[in-house]
There are 2 protein chains.
Amino acid sequence: MVTTVSVAQVGALVGDPARVAMLQALMDGRALTASELAQAAGITRQTASGHLAQLAAASLVTVSKQGRHRYHRLAGPEVARLLESLMLLASDATAQRPRTGPRDARLRLARTCYDHMAGWLGVQLADALVARNWVEIAEDGALVTEAGLDRLADLGLDAVVGGRAKLQCRPCLDWSERRPHLAGRLGAALCTHSLQRGWVRRQPGSRALDVTPAGWRAFHDLFDIRPPAAS
Amino acid sequence: MVTTVSVAQVGALVGDPARVAMLQALMDGRALTASELAQAAGITRQTASGHLAQLAAASLVTVSKQGRHRYHRLAGPEVARLLESLMLLASDATAQRPRTGPRDARLRLARTCYDHMAGWLGVQLADALVARNWVEIAEDGALVTEAGLDRLADLGLDAVVGGRAKLQCRPCLDWSERRPHLAGRLGAALCTHSLQRGWVRRQPGSRALDVTPAGWRAFHDLFDIRPPAAS
DNA sequence: TGGATGCTTCGGCACTCACCGAAGCATCCG
DNA sequence: CGGATGCTTCGGTGAGTGCCGAAGCATCCA
């Protein structure tokens, strides 16, 4: 079978811990240099260089030269979807051994998932939007309601409701919470909006997000979300 | 990072040609024995047995003993999604080399994609449903319209419209056509319906589907779909 | 009970590939 | 121009693992 070979090749690329670590580091959607990715994966620059060459050859990442730097980023949402699928199944396999490190705790609270927010916060937001009847979530998809379009426009998320399309949102099963959070264009808009307003802040060198005091206030006022009891 | 290891382990599982071939053979949703899977992958039984043990340990497939047979099937839709993601990226990588074998041609025309129909036929059906305004398809999801719910009920797809939920359908990017076809519960219902009515028939030992003369008549009468000019 | 079938385990071989040290390019800066 | 920085290529080593032949276990059938 012809296609089988290629599929296995892509699979082999995501079958190496170092390469996966680099891809995970790129899951926040930003572009990173080879050195940064080498550090993220815990390997030397020359090894990382070889891995990145393979990933680029398979079109999993794209590179753009700027001076003596070479910036790498995920090739597109399909790659992020692939990683999501992998993480979902990986957490399945390790579900019986609940390992919770201090680093994991921050990731579990809030993190980016390519272009949207995931973790406890992401799930809480999804629940709140469903409770307010702004969106509907089912097994096979998610939908922005008429009321939701109006209220989101009130919030200043105009870019999202440009065409008043109902299908601007997609459920994405959270690998730590095992419940859906919001992805798609609405998820991405919520994420950038929260970053712009200073509600959440990226933690350097990680996909984890810090929720600022202003963020907790906003999430409480808008969506009745309070910080979890104890972490 | 703890999770990274597990993710890479899952990735490594889908990074072997033999294992991927077996998983692809299971993509039609049926349960196959170890011997059948060994033949599908072109390896000996004992090698296949080892691979299947690994896949089962990682919860990618489930096994059920029946007498001296051991039936293997995909552990769930998440695994099918993972394979879809892989195939999509794999076809990206090989898009520059259009290889079209005689075996590929049949797969391209119509095939199963876990529980729904894909290939040229799958895309045609999706287009027809969109053209009739039974479903809406956007980048982030798909939606059954009110009219669609009525018309599908007329067709006898009652199971689908049981709750008259609009979100019973999901777009799935076709790796051969590069355009969306219908998945989700509606996609699955269309597939089983077509099989029950004898519109399509499974080809033994393959995911390819044969369209019967009655099928062409039905697809033409219902959706104005004619056989493609030449394959 | 004896033989056939389906499948797994064991042992050894061969191959792939991730890894790093060292050297080689390309780019920026003083 | 010369030094510094970012990155890549090359060579050799070592660990991991896919593969099959042979033997062992479990199940069904006569």
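These numbers come from a predicted model, not from an experiment. First the proteins, then the strands, lettered A, B, ... as listed; each starts at 1.
Along DNA chain C, the stretch of nucleotides lying under 4.0 Å from any heavy atom of chain B spans, 5' to 3', C:dA4 to C:dT9.
Checked by atom type, the side-chain pair B:Gln168/A:Asp140 shows no donor-acceptor distance below 3.5 Å.
The separation between B:Leu13 atom CG and D:dG16 atom C1' is 14 Å, rounded to whole Å.
More than 12 heavy atoms of other residues, nucleotides or ligands shown are found within 6.0 angstrom of CD on B:Gln203.
Across the interface with DNA chain C, nearest-nucleotide mapping of B:Glu36 and A:Arg19 shows B:Glu36 to be the residue nearer the 5′ end. Each of B:Ser49 and A:Ile43 was assigned the nucleotide of DNA chain C with the nearest heavy atom; the assignment lying further toward the 5' end belongs to B:Ser49.
B:His51 has no side-chain polar atom (N or O) that falls below the 4.0 Å cut-off from OP1 or OP2 of D:dT17.
Evaluation of the side-chain contact (heavy atoms from CB on, under 4.5 Å) rule for B:Leu109 yields B:Trp120, B:Pro228 as partners, not counting sequence neighbours. With sequence neighbours excluded, the residues satisfying ring-ring contact (aromatic ring centres under 6.0 Å, His included) with B:His181 are B:His116. Partners of B:Ala218 by side-chain contact (heavy atoms from CB on, under 4.5 Å), not counting sequence neighbours, listed by chain and number: B:Trp199. With sequence neighbours left out, the side-chain contact (heavy atoms from CB on, under 4.5 Å) criterion links A:Arg45 to A:Ser35.
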Polar atom pairs between nucleotides 28-30 of chain D and protein, under 3.5 Å, N or O only, would you list them?
none

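Within 4.0 Å of A:Gln54, counting heavy atoms only, lie sugar-phosphate atoms of the nucleic acid but no base atom. Residue contacts for B:Thr47: at a heavy-atom cut-off of 4.0 Å it reaches a base atom on one of the strands shown.
Here the CD-CD distance, from B:Gln124 to B:Glu177, works out to 7.5 Å after rounding to the nearest 0.5 Å. Of the inter-residue distances, the one linking B:Gln54 atom CD with B:Ser49 atom OG reads 10.5 Å to the nearest 0.5 angstrom.
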